[in-house]
Every structure is written in structure tokens, then in C-alpha cells.
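Below: the structure, in C-alpha cells.
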Number of protein chains: 2
Amino acid sequence: MALTIGDLGKATGTKVETIRYYERIGLLPQPSRTAGNYRAYGEAELGRLSFVRRARDLGFSLDQVRALLKLSDDRSQDCARVDRIASEHLREVDRKLADLSALRRELKAVIDSCNGGTVADCRVIEALGPASQG
Amino acid sequence: MALTIGDLGKATGTKVETIRYYERIGLLPQPSRTAGNYRAYGEAELGRLSFVRRARDLGFSLDQVRALLKLSDDRSQDCARVDRIASEHLREVDRKLADLSALRRELKAVIDSCNGGTVADCRVIEALGPASQG
DNA sequence: ATAGGGGCTGTAGCAGCTACAGGGTCAAGA
DNA sequence: TCTTGACCCTGTAGCTGCTACAGCCCCTAT
């Protein structure tokens with residue numbers, strides 16, 4: 001019935017080392033141990049790790065995940081605090097998207113300017129050079 | 001005429017520690033030194049660091065920058081190799097953009113589902129939970 | 001002479017893992 | 001029963017790309 005760390009990893013798509021890492025930094029509680037000192041997990045731990053994985057997949061930082069876990073542990077708390085964390089994360093994602101697409105535009109322009117001679121005439125190298133800072 | 005490391009940093013918008021770091025990892029050559037063991041930079045180094053900065057701003061990894069620098073040093077090389085590095089980077093950027101906007105969509109959906117009760121009814125927490133994996 | 005603002009080296013820290021080394025444990029097969 | 005091999009354990013070091021010290025030296029101005 002109890003899951004080994006390997007089982008838990010397979011069930012959640014998490015590497016064993018990562019699970020131990022999460023435990024070490026206090027994101028996951030220390031599980032009980034078998035006689036042979038193996039970690040033994042149950043449904044609760046599976047749920048918690050799934051939560052962590054899902055939040056990580058949505059791009060939350062480990063600190064944010066920690067905060068979300070804490071909030072989710074106290075079911076009577078105001079949902080607004082959860083919303084605040086998520087919304088701030090969304091704003092950050094939007095910032096990253098904007099930055100990345102600006103970068104993409106610029107990179108594309110540099111690449112497109114290349115007409116394929118030697119490096120001496122290469123627009124990519126030239127675009128990176130000090131003379132073309134502006 | 002020679003620039004100190006601080007001058008070079010100001011001229012390129014790079015922190016002094018970062019310049020020393022680039023030197024340590026071999027991205028910048030070791031500059032000559034003054035009698036008092038200060039690094040002394042000239043125009044060449046300024047150009048090289050500007051190149052690095054610009055490439056970094058375009059999201060190239062340090063390894064990619066290293067490769068680009070090597071290519072740009074040999075002006076007779078085929079431009080195609082430069083293009084290949086840049087194009088691969090572009091593809092990577094496109095992948096990241098796609099991932100990030102998928103993530104954004106999902107995150108937005110989770111947030112929008114919140115109607116603001118307690119955590120017990122919070123859709124955000126629920127969406128993160130193990131029951132909603134699919 | 002001294003105070004400050006730089007410079008120098010070397011090392012440790014950040015996120016978020018990942019990858020060992022060097023051992024112990026456990027179930028299955030010969 | 002013994003042994004093989006897959007798994008588990010701890011602890012530590014590595015990855016990217018910096019950043020931030022500590023503890024020192026140098027140079028200029030007053």
C-alpha cells in the first residue's frame with residue numbers, strides 16, 4: 001500500500017532526486033520510514049506532490065508554491081490571497097512574454113539580414129558588433 | 001587612454017564582477033595590467049565586450065556567444081555557421097514563446113475561475129489539486 | 001598623512017534541480 | 001542459501017550566469 005520514493009516519482013513524473021530535494025527544502029514533509037529506512041508515502045503525499053508539480057508546471061516559483069501549499073492547508077482562508085499570488089505570477093508571465101517576443105523580433109531581423117557570404121560581410125556578426133549599438 | 005575595468009563596465013553597461021567573470025571563463029581575453037596590477041583595456045576589448053553584451057541581450061547562451069566570437073574572429077569563415085547558431089537560437093526562442101503562452105492561457109483560466117470565497121471553494125487551489133490532473 | 005573610491009583575489013551564494021560516490025536493502029532466481 | 005540486480009540511503013558537487021561579499025592593495029586629492 002505504501003509507495004516507495006520511486007513509485008511516487010513515477011506516479012507524478014518527478015525524479016527521485018527532486019523529491020528528496022523538495023523534502024530537504026521543506027516543500028514536502030518528511031515521510032515515515034520502513035524498517036530498512038526507506039521513505040514510505042501514502043495518498044496525502046501523492047496529492048501534495050501532484051499539487052507542487054502542477055504549480056511548477058504553471059511556472060510558480062518554489063517560494064510561491066510554498067505559499068500556495070500553506071494557504072491550501074488552511075481551507076478557511078480567504079481565497080483572495082491565493083488569487084493575489086496567482087495574479088502576480090500572471091503579470092510576471094506577461095512581462096516575460098513581452099520581453100521574449102521583442103527579443104524574437106530583433107533576432108529575426110538580424111538573421112533575415114544575412115545574405116550568406118563570408119563572416120566578413122555577415123550581417124549577423126555586424127549587427128552584434130560595437131559599431132551598430134544604436 | 002586605457003580604460004579601467006570600471007570604465008569598461010560603464011561604457012558597456014556591465015558590472016565589474018561580470019567582466020571579471022567573463023574573463024575567468026575565457027569569454028574575454030586577459031587584458032594587460034598596469035604597474036599596480038589593474039586591468040587595462042583598449043578599443044578592442046570594448047568592442048568584444050559590446051559584442052558579448054549584445055548577443056546576451058538577444059538571449060544567446062554563453063556557449064553560443066563563445067562560438068559566435070570565434071567565428072567573428074575568423075572573417076573568412078562561411079557565414080552559414082553563424083546563421084546556423086542564430087537560427088537554432090531562434091527556434092529555441094519560438095519554443096519558449098509557445099510554451100510560455102500555453103502556460104499563460106492555462107494560468108489565466110485557473111485565475112478566472114476564482115469567484116472569491118474561502119480557500120475551501122477556491123478554484124485555483126482546486127485546479128492545482130490531484131483530482132484535477134486530467 | 002589620510003580618507004575615499006576605486007581596484008585585486010578568492011570564495012560563497014542564488015534558483016531548481018541533477019548527478020554522482022559509496023554505501024545499504026530487498027525480492028527473485030540458481 | 002547465495003547471489004545478482006534493482007532499488008534505496010546520505011552527502012556533496014555540479015550546472016547557468018551571474019552577484020556579493022571579505023580582506024586586501026592602489027591611487028588621487030586634500
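Every chain is numbered from 1, with letters handed out A, B, ... down the list of sequences.
Heavy-atom distances under 4.0 Å link DNA chain C to no residue of residues 90-104 of chain B. Residues from residues 13-34 of chain A lying near DNA chain D, meaning a heavy-atom separation below 4.0 Å, are A:R20, A:R33 in numerical order.
In terms of the side-chain hydrogen bond (donor to acceptor under 3.5 Å, both in side chains) criterion, A:K10 has no residue partners (sequence neighbours excluded). By the side chain to side chain contact (heavy atoms under 4.5 Å, CB included) test, A:T34 pairs with A:Y38, A:A40, sequence neighbours left out. Scored by the side chain to side chain contact (heavy atoms under 4.5 Å, CB included) test, A:K70 finds no partners at all (sequence neighbours excluded). A search for side chain to side chain contact (heavy atoms under 4.5 Å, CB included) contacts involving B:R66 returns B:I25, B:L27, B:D63, not counting sequence neighbours. Not counting sequence neighbours, the partners of B:D57 by the side chain to side chain contact (heavy atoms under 4.5 Å, CB included) test are B:R53. Residues passing the salt bridge (Lys or Arg N to Asp or Glu O under 4.0 Å) test with B:E17: none are found, sequence neighbours excluded.
For residues 21-33 of chain A, the pairs satisfying side chain to side chain donor-acceptor pair (under 3.5 Å) are A:E23-A:R39, A:R33-A:N37, with sequence neighbours left out. Pairs passing the salt bridge (charged side-chain N to carboxylate O under 4.0 Å, His left out) check and including a residue from residues 80-103 of chain B, sequence neighbours excluded, read A:R104-B:D94.
Protein chain B contacts DNA chain D over a range whose 5' and 3' limits, counting nucleotides with an atom under 4.0 angstrom from a non-hydrogen atom, are D:dG17 to D:dC27.
Within the 4.0 Å cut-off from OP1 or OP2 of C:dA15, not a single side-chain nitrogen or oxygen of A:R56 is found.
Residues A:L46 and A:T12 are in side-chain contact: their nearest non-hydrogen atoms beyond the backbone lie under 4.5 Å apart.
Nearest approach of B:I85 to B:A67, heavy atoms of both residues: CD1-CB, 3.6 Å.
Across the helix from C:dA1-D:dT30 to C:dA30-D:dT1, the helix axis at one end is tilted relative to the axis at the other end by 30° (nearest 10 degrees, each axis from five pairs).
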